[in-house]
Amino acid sequence: MKKYNHKAIEKKWQKHWEENRIFSAKDFSDKPKYYCLIEFPYPSGDGLHVGHPRSYTALDIIARKKRMEGYNVLYPIGFDAFGLPTENYAIKKKIHPKIITERNIATFTRQLKELGFSFDWERMVITADPSYYKWTQWIFLKLFEKGLAYKDNIPINWCLSCKIGLANEEVVNGRCERCGGPVEKRNKEQWMLKITAYAQRLIDDLNGVEYLDKIMKQQINWIGRSDGADIKFSIQGGKEALKVFTTRPDTLFGATYMVLAPEHALVEKITTKEHKEAVSQYVEAAKKKSDLERSEISREKTGVFTGAYALNPANGKPIPIWVADYVLISYGTGAIMAVPGHDQRDWDFARTFNLPVVEVIQGGDISREAYEGEGILINSGFLNGKNVEEAIAAMSNWLKEKELGGPAVKYKLRDWVFSRQRYWGEPIPIVICRSCGFVPVPEKDLPVLLPDVERYEPSDAGESPLAAIKDWVKTPCPKCGGPAERETDTMPNWAGSSWYFLRYTDPHNDKAFADSDKLKYWMPIDLYNGGMEHTTLHLLYSRFWNKFLYDCGFVPFSEPYARRTAHGMILGEGGEKMSKSRGNVVNPDDVIERYGADVFRCYEMFIGPFDQTANWDTKGIEGIHRFLLRVWRLIVDERSGGLNDKMAEGVPEKGLLRNLHQTIKIVGEHINQMRFNTAISQMMILVNELYKKDRIPVEIVKVFVLLLSPFAPHIAEELWEKLGEKESVLRQPWPLCHMEYLAAETMTIVVQINGKVRANIDCSVDISREDLIKMVLEQERVKKYTEGKKIHKIVIVPKKLVSIVVS
RNA sequence: GCCGGGGUGGCGGAAUUGGUAGACGCAAGGGACUUAAAAUCCCUCGGAGGCGUGCCUCUGUGCGGGUUCGAGUCCCGCCCCCGGCACCA
């Protein structure tokens, strides 16, 4: 081969790797293990997006380097194959989603293989495969067994266009995370997973793992712990107690009214006759509002009086109970004590309805706005004179003593709505029996297979298409044998991905979801990279499932991921999201066709800092293309196809060795730090340097090829072979930096005079301070600024600079 | 509003235990090769000014202050952009 022919080279080496099973991970090796993981793709009909290879290449580079460093590397791949887009496409084209999924997986597989990723394809998992979802169902049953999966009738977020219920995490700004359509509240019987039982541990255990700081903070914020107190209010003339949660029990003396969420169970019970009409109208109106509407008109406070009064336990005063939709049913107890003097929302409400405002903390002007800051308590009985912190503690204790409540913790995290009313998902393995209730499908009968259906269309009524298959729905109760029905809802697409990383350790096991020794060997995952958009979805869900399985004794570590990083998105050329409608989509197939996988990979790494958003640049990829062409010509004579005439054996000159070892150091470090763009820059510097030489030492070039190999593995293998080597670059040890080559004999010292750079001088590295000062002061350039002036001070920074202060 | 992350040439971006700002790449301009073009190779490339045409001076990292011999980097006060959350009591 004479000229660089990416097509031939890439095909050749991909075949070589596959035939030699060079990337199959070995269970139980003597080598240290390294498990690195990318988020497996959802095989959409559009094929691979140029964003996918950014993450895959980055971890491929790390995986390849780790192999060369002597690790037993597991870098697996699979497909998150259940989900709505496939189902919607199936409905439109009248093709079975299974067929579409197979087709899409075939396309993705071809594309991923063409990019030369070092995935262990033998461990591929597909979540829609019965041999896989059998275990997803099995885990669900374990959750059910432990009371962490339960069915409840609660108002949930209903996406009008997807026609499914959404988890709290799937609602973004009142809209559906997937389709962007409006979301409304609907009361529906739903399967729920009790992720809230793990709220505290999901926060605490972040201490033991290395996550990007922003990921950790985002998760903590999402779980949203708040510390405060529960307080029981009695209702005047009633037996019922009204419980509220507050983070400010210190302000209890300032509570001048109460508010219930419209959905609160007590609303109906306590409303007096005269107010029934107005209250029920208000409650009905609130029900009809979507989340979006509720938050959009957020500023204007609305509400109605129930006619009932609660007694403030601090001072025994009766205070009116109102209903207002600024109080949410889903947080705390769905009811609040309102302290208008010290909470802006309550202040706004009190102002609107002329309710009294009492000052209990000094420091603000409550006639103008609520004062939420620090201060000394007043008008507050036994709390008077205390500061906020002291008063919170004193009040909490007082409440506990009087059995009126006491310290309490609440979380923003909600339980996970786990039912979807659609076809293409894992059937929930539960049978509903009139006499036995919810009965789990026995383990031996798993998996509950998805039946074939004629029509996949979901209904507006929120029934799964499975409900229409009467034969399938009707089934004897596993417990009593009587007539019963199957659950027809399916699992959300986050189910399969909540444990796939465990399956990779033992993907073909049909006795267990994974062998415990294999789990012990491979887990935890050493590095998991993915998108920021999954921080409060998949990442949180999978941590929850792993913790649950840990508690059951099925997995060896409570946290699945030792380290979590995130990559930035790749946008279109104009800085906008790539989309068909904008016409700015870059197809990976075209890039591979024109430039090849190596150029593609290197470009994605060079495009910008890995964790930041980057815009695709057609011109930019040309630069990388030129770089690899330059690398080729550095080594290969294009006329003969042999080695470049300049290639020579023998000891390289010191300057080159220094540059090489600098490159070894930087490339190695920057790969570890995921600063791939600067790693490539450094390799360019070395190549530029080599181009200036008349004699190119083979020794240098060989090491360079090894450094390049994780980035551009195909061209590296080819050049390695041309350099006369027989074994794959993957079998070579990763080059080591020898510090002795880094040291130079001379160094450049910068001379600053009054803070300005005035000269550079070259001197020996072991020059003494005295000689250095003498040498500096003798410089013409220095004399020019020091002559006739008084030298006040000379600062010397070893090996860097001399700073002279004159007047 | 709250929590993150940022603002550096025409562009993507380098440089953080404070020490020559602009590495590397793109674009642009000039030159070499060629009948010509492409490709390739070499040179120039933040701005302003000066002459002895090779250098010199001033200025410059969102804005305003400060610390320091020295600030893109540290401190104080602002402005703007991006991401996440948002009536969470």
Side-chain angles (χ1 to χ4, degrees), chain A residues 172-174 212-222 224-226 228 244-249 251 255 259 261 294-295 297-301 324-328 330-339 342-346 348-349 410-414 532-533 535-536 566 568-569 575 603 606-609 611-624 626-627 629-630 633 638 675 677-688 691-692 748-760 781 784 792-806:
Chain A
V172 179
N173 293 327
L212 235 52
D213 205 46
K214 58 176 169 180
I215 298 174
M216 208 158 358
K217 291 212 165 100
Q218 215 165 295
Q219 287 210 341
I220 291 169
N221 283 347
W222 183 260
R225 179 189 163 117
S226 10
V244 302
F245 172 73
T246 177
T247 53
R248 297 294 302 274
T251 62
V259 185
R294 271 205 189 184
S295 57
I297 7 169
S298 60
R299 296 305 134 214
E300 279 293 293
K301 293 274 186 292
D325 65 2
Y326 83 92
V327 172
L328 308 174
S330 49
Y331 185 75
T333 62
I336 62 157
M337 65 177 206
V339 185
H342 305 283
D343 182 291
Q344 193 57 43
R345 294 157 301 183
D346 297 343
D348 293 341
F349 190 85
K410 293 280 185 281
Y411 300 90
K412 281 199 279 185
L413 186 71
R414 310 289 151 80
M532 274 312 284
E533 69 276 18
T535 300
T536 54
M569 284 186 297
Y603 174 60
F606 193 64
I607 195 167
D611 59 347
Q612 280 170 43
T613 306
N615 301 349
W616 190 266
D617 179 9
T618 322
K619 284 282 169 43
I621 198 169
E622 290 285 355
I624 285 288
R626 280 201 276 266
F627 169 62
L629 287 171
R630 269 165 74 80
R633 289 193 306 265
E638 287 194 306
R675 294 163 63 193
N677 54 333
T678 48
I680 291 177
S681 293
Q682 183 59 41
M683 289 192 282
M684 287 171 166
I685 291 170
L686 179 62
V687 169
N688 289 348
Y691 257 80
K692 292 194 181 106
T748 304
I749 296 287
V750 173
V751 182
Q752 291 187 349
I753 296 160
N754 284 352
K756 289 198 164 128
V757 177
R758 295 301 184 187
N760 301 318
R781 296 267 307 130
K784 189 174 153 190
H792 290 277
K793 191 174 174 183
I794 297 179
V795 180
I796 297 177
V797 181
K799 296 187 177 168
K800 282 196 175 135
L801 64 71
V802 174
S803 184
I804 304 168
V805 188
V806 300

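Worth knowing before you read on, the calculation uses all heavy atoms, side chains too, and leaves out hydrogens, waters and symmetry mates.
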Inset, instruction - Check every atom of B:G19, B:A21, B:C87 against the side chain of A:Lys800 and return the nucleotide holding the closest atom. - result: B:G19

Inset, instruction - Report yes if at least one side-chain N or O of A:Asn615 is closer than 4.0 Å to OP1 or OP2 of B:G12; otherwise report no. - result: no

Inset, instruction - For A:Ile336, report the nucleic acid contact type (base, sugar-phosphate, nothing); a contact means any heavy atom under 4.0 Å. - result: base

Inset, instruction - Compare the minimum distances between each of B:C24, B:C56, B:C85 and the side chain of A:Trp222, then state the nucleotide with the smallest one. - result: B:C85

Inset, instruction - Would you classify A:Lys619 as touching base, sugar-phosphate or nothing, given that sugar-phosphate means primed atoms plus P, OP1 and OP2, and contacts are heavy atoms under 4.0 Å? - result: sugar-phosphate

Legend entry - Any strand: nucleotide that pairs with B:C41 via Watson-Crick or wobble, under 3.5 Å: B:G31

Inset, instruction - Provide, to the nearest angstrom, the distance between the OH atom belonging to A:Tyr691 and the P atom belonging to B:C42. - result: 9 Å

Inset, instruction - Can you tell me, in whole Å, how much space there is between the P of B:G5 and that of B:C74? - result: 13 Å

Inset, instruction - Indicate syn or anti for B:G46, taking the glycosidic torsion and treating anything within 90° of 0 as syn. - result: anti

Inset, instruction - Measure across A:Val339 and A:Asp346 and return the closest heavy-atom pair with its distance rounded to 0.1 Å. - result: N-OD2, 2.9 Å

Inset, instruction - For B:G60 and B:C43, measure between their C1' atoms and round to the nearest Å. - result: 25 Å

Inset, instruction - Step by step, work out the side-chain contact (heavy atoms from CB on, under 4.5 Å) result for A:Trp222 and A:Thr535. - result: CA-CA 9 Å; A:Trp222 183 260; A:Thr535 300; over 6 Å; no

Inset, instruction - Please confirm whether the backbone N or O of A:Arg758 pairs with a side-chain atom of A:Arg781, one donor and one acceptor, at under 3.5 Å? - result: yes

Legend entry - Side chain of A:Arg675 (C-beta onward), nearest among B:A15, B:G19, B:C85: B:A15

Legend entry - Complementary nucleotide for B:G4 - Watson-Crick or wobble, under 3.5 Å: B:C82

Inset, instruction - Using a heavy-atom cut-off of under 4.0 Å over every strand shown, decide if A:Asp346 touches base, sugar-phosphate, or nothing. - result: nothing

Inset, instruction - Could you measure between the two P atoms, the one in B:G10 and the one in B:U68, and give it in whole Å? - result: 34 Å

Legend entry - Residue whose nearest RNA chain B nucleotide is more 5′ - A:Arg633 or A:Gly623: A:Gly623

Legend entry - Donor-acceptor pair under 3.5 Å, A:Lys214 side chain vs B:C3 base: no

Legend entry - Among B:C87, B:C69, B:U20, the one nearest A:Ser803 by side-chain distance: B:C69

Inset, instruction - Classify the side chain of A:Gln612 versus the base of B:G5 as yes if they form a donor-acceptor pair under 3.5 Å and no if they do not. - result: no

Legend entry - A:Tyr331 side-chain N/O to A:Tyr411 backbone N/O, donor-acceptor pair under 3.5 Å: no

Inset, instruction - Run the numbers on A:Ile753 and A:Val806 for side-chain contact (heavy atoms from CB on, under 4.5 Å), then give the verdict. - result: CA-CA 7 Å; A:Ile753 296 160; A:Val806 300; 4.0 Å; yes

Inset, instruction - Please answer whether the main-chain N or O of A:Asp617 pairs with a side-chain N or O of A:Tyr603 as donor and acceptor at a distance below 3.5 Å. - result: yes

Inset, instruction - Specify the residue among A:Ile680 and A:Ala614 whose closest nucleotide of RNA chain B lies further upstream toward the 5′ end. - result: A:Ala614

Inset, instruction - Check A:Val795, A:Val757, A:Ile804 against A:Gln752 for a side-chain contact (heavy atoms from CB on, under 4.5 Å) and give me the one that passes. - result: A:Val757

Inset, instruction - Would you mind pulling out the nucleotide paired to B:A21, Watson-Crick or G-U wobble, both distances under 3.5 Å? - result: none

Legend entry - Between B:A89 (C1') and A:Phe349 (CZ): distance, integer Å: 14 Å

Inset, instruction - Tell me, please, whether A:Tyr326 has A:Lys301 positioned over its six-membered ring: NZ or CZ under 6.0 Å from the ring centre and within 45 degrees of its axis? - result: yes

Legend entry - Phosphate contact (B:A27 OP1 or OP2) by A:Arg626 side-chain N/O below 4.0 Å: yes

Legend entry - Which nucleotide in B:G19, B:G25, B:C3 has an atom nearest any side-chain atom of A:Lys217: B:C3

Inset, instruction - Please measure how far the P atom in B:C75 lies from the corresponding atom in B:G18, and state the result in whole Å. - result: 11 Å

Inset, instruction - Quick one: label A:Gly608 by what it contacts on the DNA or RNA (base, sugar-phosphate, nothing), any heavy atom closer than 4.0 Å. - result: nothing

Inset, instruction - For B:G60, give its Watson-Crick or G-U wobble partner with both distances under 3.5 Å, or none. - result: none

Inset, instruction - Remember a base hit wins even if backbone is also touched, and classify A:Lys410 as base, sugar-phosphate or nothing at under 4.0 Å, heavy atoms. - result: nothing

Inset, instruction - Specify the separation, in whole Å, of atom CH2 of A:Trp616 and atom C1' of B:C11. - result: 17 Å

Inset, instruction - Mark yes or no for whether A:Asp348, through its side chain, and A:Glu300, through its backbone, hold a donor-acceptor pair below 3.5 Å. - result: no

Inset, instruction - Check every strand shown and say whether A:Gln218 touches a base, only sugar-phosphate, or nothing at a heavy-atom separation below 4.0 Å. - result: sugar-phosphate

Legend entry - Below 4.0 Å: OP1/OP2 of B:C56 and any side-chain N or O of A:Arg781: yes

Inset, instruction - Measure the shortest side-chain to side-chain distance between A:Gln218 and A:Met532 over non-hydrogen atoms and say whether it is less than 4.5 angstrom. - result: yes

Legend entry - Phosphate contact (B:U68 OP1 or OP2) by A:Lys793 side-chain N/O below 4.0 Å: no

Legend entry - Closest nucleotide among B:C87, B:U20, B:C56 to the A:Lys784 side chain: B:C56

Inset, instruction - Using only side-chain N and O atoms of A:Arg758, determine if any of them is under 4.0 Å from OP1 or OP2 of B:U20. - result: no

Inset, instruction - Answer yes or no: does a side-chain N or O of A:Arg630 lie under 4.0 Å from OP1 or OP2 of B:C41? - result: yes

Legend entry - Protein-nucleotide distance (A:Ile215, atom CD1; B:G5, atom C1'), rounded to Å: 13 Å

Legend entry - Between B:G13 (P) and A:Ile607 (CD1): distance, integer Å: 9 Å

Legend entry - Same-atom distance (C1') from B:U20 to B:A14, integer angstrom: 15 Å

Inset, instruction - Tell me which nucleotide among B:C24, B:C26, B:A89 gets nearest to the side chain of A:Asn688. - result: B:C24

Legend entry - Residue A:Phe606, side-chain heavy atoms: nucleotide from B:G19, B:A89, B:G12 that is nearest: B:G12

Inset, instruction - Please measure how far the P atom in B:A38 lies from the corresponding atom in B:C33, and state the result in whole Å. - result: 15 Å

Inset, instruction - Could you tell me the separation between the CD atom of A:Glu638 and the P atom of B:C41, rounded to a whole number of Å? - result: 10 Å

Inset, instruction - To the nearest Å, give me how far apart CG (A:Asp611) and C1' (B:G13) are. - result: 13 Å

Inset, instruction - Look at the side-chain N and O atoms of A:Thr536 and state whether any lies under 4.0 Å from the OP1 or OP2 oxygen of B:G84. - result: no

Inset, instruction - Among B:U20, B:A14, B:C58, find the nucleotide with the atom closest to the side chain of A:Asn760. - result: B:U20

Inset, instruction - Looking at every strand, decide which applies to A:Val797 at a 4.0 Å heavy-atom threshold: base, sugar-phosphate, or nothing. - result: base

Legend entry - Rounded interatomic separation in angstrom, taking CG from A:Asn221 and P from B:G5: 12 Å

Inset, instruction - For B:A21 and B:G46, measure between their C1' atoms and round to the nearest Å. - result: 10 Å

Inset, instruction - For A:Thr748, report the nucleic acid contact type (base, sugar-phosphate, nothing); a contact means any heavy atom under 4.0 Å. - result: base

Legend entry - Distance, P atom - from B:C26 to B:C41, rounded to whole angstrom: 10 Å

Legend entry - Candidates B:C24, B:G13, B:C26 - which lies nearest the side chain of A:Asp617: B:C26

